[in-house]
Every structure is written in structure tokens, then in C-alpha cells.
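Below is one structure, written out as C-alpha cells; comments come after it.
Worth saying up front: this structure is predicted, and the values here are computed from it rather than measured.
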Amino acid sequence: MNRLSIAAPTTRLGTLTGAAVALWFLGALVSSLTGVFDTRNRPPLALASWAILPVLIFAFAYPGSLEFRRFVLSANPRLLTLAHTWRVAGITFLILYYRGQLPAAFALPAGWGDIAIGITAPVIAFAMIRRKVPNPLLIAWNSLGLLDLALAIMLGVLSSNGPLGILAHGVTTQIMGRFPLSLIPTFLVPLFIIFHVIVLAQIRQSDRQQ
């Protein structure tokens, strides 16, 4: 197979993936603006679905399509890592907690966890450019990033006003269902989960080849 025949599927998949992500974002944005994720009078089912469904689609597509798997493994791991710098915005959770708009059970671990990952992301990315990051450290960092996101989702649900909100005492995570905060669980969180998984998959592939 020559380079041209490899490049064509990669380009096509890149276009399709970019379009899918754009539609995903637009869907989350329109749903946020129209109150689909507002949990004032109902459990956060729509919010949870949008947070989980993209990850499930990726989880099925990755092992199910060799072409898609090759495309994913060709992604630039340094850019995927650098993207997590945006997670310093987790300071918003802390601000909302001190304003009495988010519960401590969710805001403190989710906020500080995101800040820690966001601050270290450019350091890790720069070290990857210099090729000075051992795989065990990279695996540990991505695993901690995944744990932070999983914990945030779990604590968000347990602090909600739904039937699973066993940690909710007065203040809940209801505000997370309103624009613009609703874009965090419906778009950014699953996107960052996928970025972590891709880098871990690349490390695994590299170890196999070696």
C-alpha cells in the first residue's frame, strides 16, 4: 500500500471526525440554550446521557474499525495533552462554591483536580516534545486525569437534585445544567476523557511495537 492510499482514508476520517465533533458541540450548545439540560424539575438524565454517549461511541468505534483505530493512533499526543490546559477553568467550580452556588462535595474535588491537571498539562506536553517523559509517568498522569473526570461525574450525580443525589444537602449541582456551565459535562468532559484514552492507547501501541 503506497502513501497516497494511506493518506486518503486518513484525510477522509479527519474530515468526518471534525464534522462529528462540530455537530456534537452545536448539539450541546443548542440543547444548553434551549434548557434541555436544566434539572430544576427533573433528574439530570439528559445531562448524563450527553456526558456518557460520546465516550461509548468512541469505545465501540475504536476496536470495531481498523481504519478508525489507525486514524486515532496517528493523532498528535502532545496536542492532545496540551488541550487539557483548559482544565484550569476548574477554578470556576471553586468560585461558585464560595458563592454558595455549588456543593463542596462536588466543587472542591472537581475544581482542584481540574486545576492540578490543567497546570501540569503544558509541562507534560513540553517534556513530550523534548522526549523526556517516561511512559510510566505519562500513564500515571493520564490515569489521574481520567480519575479526576470520572470522580467529577460521579460526585456531580450524587450531589444533584435527582433520586441519586444522596450527597445533596441544600445546594445541589443544578446550576451545571444551565448554559454555559452545561457545556462542561456535555462536551468538554467526554472530549477530555477521549483525549486521555487516545494517549494511553498510543502508549500501549508503542510498547507493543517495541
To the nearest 0.5 angstrom, please state how far the CZ atom of F187 sits from the CD1 atom of I184.
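Atom-to-atom, F187:CZ and I184:CD1 are 12.5 Å apart.
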
Look up atom OG in S65 and atom CZ in R70, then write down how far apart they are to the nearest 0.5 Å.
9.5 Å

Which atom pairs, one a donor and one an acceptor, fall under 3.5 Å between side chains of residues 22-33 and the rest of the protein, sequence neighbours left out?
residue	atom	partner	partner atom	Å
W24	NE1	T186	O	3.0
S31	OG	G27	O	2.8
S32	OG	A28	O	2.7
S32	OG	S182	OG	2.7

Between side-chain atoms of residues 75-82 and protein atoms elsewhere (two or more places apart, or another chain), which donor-acceptor pairs fall under 3.5 Å?
residue	atom	partner	partner atom	Å
N76	OD1	R78	N	2.9
N76	OD1	L79	N	3.4
T81	OG1	P77	O	2.8

Taking the side chain as every heavy atom from C-beta outward, state whether R69 and V72 have any atom pair closer than 4.5 Å.
no

With sequence neighbours excluded, tell me which residues meet side chain to side chain contact (heavy atoms under 4.5 Å, CB included) with [X].
| X | result |
| --- | --- |
| S159 | P103, A105, F106, L167, T173 |
| P63 | none |
| V197 | F58, L146, I193 |
| L151 | P109, M154, L155 |

Determine, stepwise, if the pair F71 / T17 fulfils side-chain contact (heavy atoms from CB on, under 4.5 Å).
CA-CA 10 Å; F71 168 73; T17 302; 3.4 Å; yes

Would you say CG of L16 has more than 12 non-hydrogen atoms from neighbouring residues, nucleotides or ligands within 6.0 angstrom?
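Above 12, so yes.
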
If you look only at pairs with a residue in residues 119-152, which of them pass as a ring pair (Phe, Tyr, Trp, His ring centres under 6.0 Å), with sequence neighbours excluded?
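Qualifying pairs: H84-W141, W141-H196.
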
Applying salt bridge (Lys or Arg N to Asp or Glu O under 4.0 Å), which residue pairs with at least one partner in residues 182-195 are found, sequence neighbours left out?
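Residue pairs passing salt bridge (Lys or Arg N to Asp or Glu O under 4.0 Å), neighbours aside: none found.
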
Can you list every pair that meets salt bridge (Lys or Arg N to Asp or Glu O under 4.0 Å) and has a residue in residues 160-179, with sequence neighbours left out?
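The answer is none; no pair qualifies.
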
Side chain to side chain donor-acceptor pair (under 3.5 Å) contacts touching residues 92-115 (sequence neighbours left out)
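Only R87-D114 qualify under side chain to side chain donor-acceptor pair (under 3.5 Å).
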
Of all pairs that satisfy side chain to side chain donor-acceptor pair (under 3.5 Å), the ones with a partner from residues 54-63, not counting sequence neighbours:
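Passing the test, one end in residues 54-63: no pairs.
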
Heavy-atom pair with the smallest gap, counting every atom of L149 and V189:
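Nearest pair, atom of L149 first, then V189: CD1-O, 4.0 Å.
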
